[in-house]
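What follows is a short report on a single structure.
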Amino acid sequence: MKVAALFAAFAVSANAFAPTSSFTNSVSLSAAPRSASALQMNAAERTYIMIKPDGVQRGIVGNIISRFETKGYKLVAMKTKQASQELLDTHYCDLVEKPFFPKLRDYMMSGPVCCMVWEGKEAVVTGRKMLGATNPLASEPGTIRGDFCIEVGRNICHGSDSVENANKEIALWFEESELVDWESHSKDWIYE
Ligand code: IDP
Ligand code: MG
């Protein structure tokens with residue numbers, strides 16, 4: 001008798017947590033699966049995010065990773081690296097003539113950087129928003145630069161500024177074999 005009552009109570013409470021039918025439809029794997037090309041267009045954009053030596057030294061790597069993870073972006077590649085002069089000349093090829101470039105290069109070679117590729121819908125433009133403005137004093141609070149730094153020459157992170165440059169930067173900093181093609185189990189909870 002007691003067991004039956006307990007079972008009935010469990011059935012009612014379990015039902016209270018059951019998803020509504022429309023909710024079920026929106027996430028069901030069997031309901032109208034999207035085509036591979038639709039998923040490609042929505043979710044396969046990649047951006048190159050790099051934590052600069054000051055971000056690594058100051059122990060901000062975990063916080064930055066956490067922001068991209070909790071946003072819903074997918075980590076495709078990650079490593080630490082000591083950047084060479086040649087690599088930085090290529091990466092910052094549009095800035096090599098700037099008067100501040102020698103200092104920028106020294107700063108970027110002063111310790112390890114943390115190189116990452118994040119993937120997801122509009123990852124490039126959204127990644128830039130998450131970083132904040134180049135000059136940290138102009139970055140909104142809530143952005144990475146707005147929360148963690150003060151000077152443009154110590155602005156702790158890099159993010160690609162266009163899809164074209166993202167693809168170039170990913171190819172510059174990573175071997176093809178370092179990019180892992182995997183499917184997130186959360187994708188149907190992040191994309192509708
Ligand atoms: P971004 O990193 O926001 O894309 P860029 O203009 O591409 O900004 O500059 C690359 C990096 O060069 C900046 O993140 C910053 O570290 C450095 N930088 C840019 N402008 C200056 C400057 O006027 N003085 C010193 N460093 C600068
Ligand atoms: Mg730039």
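In listed order, ligands and their atoms are each counted from 1.
Put simply, the side chain of Ile144 reaches to within 4.5 Å of the side chain of Phe68, judged on heavy atoms. Looking only at side-chain heavy atoms (C-beta outward), Asp89 and Arg105 come within less than 4.5 Å of each other.
Less than 4.0 angstrom separates some heavy atom of Leu104 from each of these atoms of ligand 1: 12 (O), 16 (O), 17 (C). Atoms of ligand 1 lying under 4.0 Å from at least one heavy atom of Val152, given by number and element, are 15 (C), 16 (O), 21 (C), 22 (C), 24 (N), 25 (C), 26 (N), 27 (C). Ligand-side atoms of ligand 1 in range of Asn155: 13 (C), 14 (O), 15 (C), 16 (O), range being under 4.0 angstrom from any heavy atom. For ligand 1, the atoms closer than 4.0 angstrom to any heavy atom of Tyr92 are 10 (C).
Closest to atom 9 (O) of ligand 1, if we only count protein heavy atoms, is Leu95 CD1, 3.4 Å. Closest to atom 22 (C) of ligand 1 among all protein heavy atoms lies Phe100 CD2, 3.5 Å.
Considering only non-hydrogen atoms, atom 4 (O) of ligand 1 lies nearest to Arg128 out of His158, Arg128, Arg145, Lys52.
Classified by interplanar angle (parallel below 30°, tilted 30° to 60°, perpendicular above 60°), the ring pair His158/His91 is perpendicular. Relative ring orientation between Phe101 and Tyr92 is described as perpendicular, the plane-to-plane angle rising above 60° on a 0-90° scale split at 30° and 60°.
Cation-pi geometry between Lys79 and Phe174 is met: under 6.0 angstrom from the ring centre, within 45 degrees of the axis.
Residue Thr134 places at least one N or O, backbone or side chain, under 3.5 Å from an N or O of ligand 1.
Cluster membership check: Leu88 does not share its hydrophobic cluster with Ile156, using side-chain heavy-atom separations under 4.5 Å among Ile, Leu, Val, Met, Phe, Trp and Tyr.
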